[in-house]
Amino acid sequence: MTRLSVEMLAADTVEPITSAGHAQLGIAVLAGIAVIVLLITKFKLHAFLALTLGSLALGAFAGAPLDKAITSFTAGLGSTVAGVGVLIALGAILGKLLADSGGADQIVDTILARSGGRSMPWTMVLIASVIGLPLFFEVGVVLLIPVVLMVAKRGNFSLMRIGIPALAGLSVMHGLVPPHPGPLVAIDAVKANLGVTLALGVLVAIPTVIIAGPLFARVAARWVDVQAPERMIPQRPSEDLEKRPGFGATLGTILLPVVLMLAKALVDIVVDDPESTVQRVFDVIGSPLIALLAAVLVGIFTLGRPAGFSKERISGLVEKGLAPIAGILLIVGAGGGFKQTLIDSGVGQMVLDISEDWSIPALLLAWLIAVVIRLATGSATVATVSAAGLVAPLAADMSTTHSALLVLAIGAGSLFFSHVNDAGFWLVKEYFGLNVGQTIKTWSIMETIISVVAGALVLLLSLVI
């Protein structure tokens with residue numbers, strides 16, 4: 001077994017590895033992932049600790065000096081948090097403002113007031129997709145569940161006819177569209193263009209959410225015909241508020257960062273001159289940091305103030321919005337450390353060599369790797385950051401559009417068949433009052449449809465752009 005040199009661990013690229021090296025690194029990858037899976041599933045260890053220990057195990061099995069493996073892990077953790085940590089924090093603040101000010105409820109109530117019975121599943125997809133842009137999946141579920149249950153009860157709908165479209169909208173946004181943590185980490189790992197990824201992500205998301213949402217909901221409602229459980233209808237956040245922000249102002253605030261980032265991508269394509277003043281201006285205002293920061297600052301005046309929040313309450317609200325994301329930041333950071341350990345150990349180059357030898361399309365390989373890790377760990381975020389680290393070298397010679405599609409392939413694979421080792425599985429089960437079998441027939445199948453349809457659309461797009 002060949003011991004990795006200090007220079008190989010420190011470098012961004014490594015020398016070609018022999019077949020013996022491939023075997024050793026292959027064992028190291030399997031051992032590292034096995035440690036992560038075992039710690040998360042068997043010992044119920046937090047994903048941050050599992051990823052940290054898995055990274056060290058990977059370095060040890062690869063024959064790397066432990067101190068160099070630690071250096072790789074901490075360097076990857078630091079660069080990942082520096083790259084996406086602030087964005088996750090800003091997204092959390094915006095989501096908290098949206099929820100507590102009643103802005104989310106204002107959007108929901110306005111859209112529902114203009115919807116008829118037959119269009120209700122499509123309305124729920126629209127609501128979930130809009131609300132899901134700035135919110136983490138779990139927060140979106142908690143926020144929308146009261147609406148889903150009330151609509152199903154008042155309209156006498158099957159719960160699945162209303163619930164599946166809402167869950168599909170949230171899940172697709174979570175897996176494919178930045179600024180959610182998973183896509184952001186993958187973009188950072190493969191050095192993809194955020195604006196292009198966002199545009200292509202929305203393009204893939206629209207047909208995906210239609211198929212997995214309203215269309216599949218018809219089938220799911222026949223498989224599992226249940227009514228909304230009365231005991232699970234909680235109080236909505238805005239019921240204690242005397243006033244709420246307006247619909248237009250709320251929607252504009254949510255879409256502001258998306259518009260700015262898409263505008264930057266469009267200007268980059270049309271102008272394509274780094275010296276142009278116009279392009280330089282849009283490069284600044286369309287950067288994720290500035291776009292999300294602008295949305296937060298605008299949200300203070302369009303969401304917080306109209307709800308009657310004082311300066312002190314807004315300050316406290318920002319602090320409360322940051323508190324729940326500590327675990328997410330640590331998981332994402334540790335995932336970045338695991339990614340860097342993979343790269344510095346030469347595993348990325350090994351994947352590159354294997355993909356060339358086996359003639360597997362890079363996008364399909366990325367999707368398959370994310371699927372395997374998702375099934376094993378149950379975490380879409382862990383699957384995304386781990387798969388991104390493994391396939392990052394494949395993006396070196398890719399065009400801007402294909403590196404963006406690589407990110408989407410990873411995101412699609414990370415959503416495949418949620419089951420009993422996924423916290424989201426139990427969240428849906430308990431809120432909707434389902435048993436395990438019913439949850440698999442509805443939620444798990446829906447997630448699989450999203451993964452397969454989005455993956456297929458990514459492959460089709462790669463053939464035409």
Side-chain angles (χ1 to χ4, degrees), residues 32-33 36 40 46-48 50-52 54-55 72-92 133-138 171-198 200-201 257 261 287-289 291-292 325-344 347-348 351 366-367 369-371 373-374 377-395 403-415 454 458:
I33 293 176
I36 294 171
I40 291 175
H46 191 275
F48 165 69
L51 282 163
T52 302
S55 300
S72 289
F73 175 78
T74 53
L77 186 151
S79 64
T80 301
V81 172
V84 303
V86 176
L87 305 183
I88 294 173
L90 290 171
L133 275 171
L135 295 178
F136 296 120
F137 176 78
E138 291 80 3
S171 187
V172 169
M173 292 295 112
H174 171 72
L176 299 179
V177 182
H180 285 278
L184 283 177
V185 171
I187 288 168
D188 182 67
V190 307
K191 310 304 179 190
N193 181 287
L194 189 142
V196 174
T197 307
L198 175 59
L200 292 176
M261 287 187 281
S287 66
L289 174 63
L292 280 167
I325 66 166
I328 295 173
L329 281 175
L330 289 173
I331 293 171
V332 168
F338 183 62
K339 173 211 72 175
Q340 194 62 43
T341 307
L342 288 167
I343 293 173
D344 289 351
V347 174
V351 172
W367 183 85
I369 291 173
V371 164
I373 298 174
R374 159 69 157 181
T377 65
S379 170
T381 302
V382 171
T384 300
V385 297
S386 301
L390 282 167
V391 303
L394 301 179
S403 60
L405 289 175
L406 184 66
V407 170
L408 298 179
I410 294 168
S414 74
L415 298 175
V458 167

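Note that these values count all heavy atoms, side chains included, but never hydrogens, waters or copies made by symmetry.
Here the CG-CG distance, from Leu405 to Leu200, works out to 5.5 Å after rounding to the nearest 0.5 Å. Rounding to the nearest 0.5 Å places CG of Leu77 at 12.5 Å from OG of Ser72. We find the CD1-CZ distance between Ile331 and Phe48 to be 9.5 Å, quoted to the nearest 0.5 Å. Here CG of Leu408 is found 10.0 Å from OG of Ser403. Values are rounded to the nearest 0.5 Å.
The shortest non-hydrogen separation linking Ala334 to Ser55 is O-OG, 4.5 Å. Counting all heavy atoms, side chain and backbone alike, Pro183 lies closest to Pro178 at CB-N, 3.9 Å. Closest approach of Ala366 to Val391, counting heavy atoms only: CA-CG1, 4.0 Å.
Considering Val177, Ile187, Asn193 in turn, Val177 is the only one that fulfils the side-chain contact (heavy atoms from CB on, under 4.5 Å) rule with Leu198.
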Apply side-chain contact (heavy atoms from CB on, under 4.5 Å) to the pair Ile410 and Trp367, showing each step before the final yes or no.
CA-CA 5 Å; Ile410 294 168; Trp367 183 85; over 6 Å; no
What do the steps show when you test Val407 against Leu176 for side-chain contact (heavy atoms from CB on, under 4.5 Å), and what is the final call?
CA-CA 8 Å; Val407 170; Leu176 299 179; over 6 Å; no
After noting the C-alpha distance and the side-chain angles of Phe338 and Ile36, does the key distance pass the side-chain contact (heavy atoms from CB on, under 4.5 Å) rule?
CA-CA 10 Å; Phe338 183 62; Ile36 294 171; 3.9 Å; yes
Assess the residue pair Leu90 and Leu289 against the criterion (side-chain contact (heavy atoms from CB on, under 4.5 Å)); give the C-alpha distance rounded to whole Å, side-chain angles, the decisive distance to 0.1 Å, and a yes or no.
CA-CA 8 Å; Leu90 290 171; Leu289 174 63; 3.9 Å; yes
Donor-acceptor contacts under 3.5 Å from residues 382-389 side chains, at least two apart:
unit_1 : atom_1 : unit_2 : atom_2 : d
Thr384 : OG1    : Ala380 : O      : 2.8
Thr384 : OG1    : Ser414 : OG     : 3.3
Ser386 : OG     : Val382 : O      : 2.8

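Between Thr74 and Gln340 the shortest side-chain heavy-atom distance does not fall below 4.5 Å.
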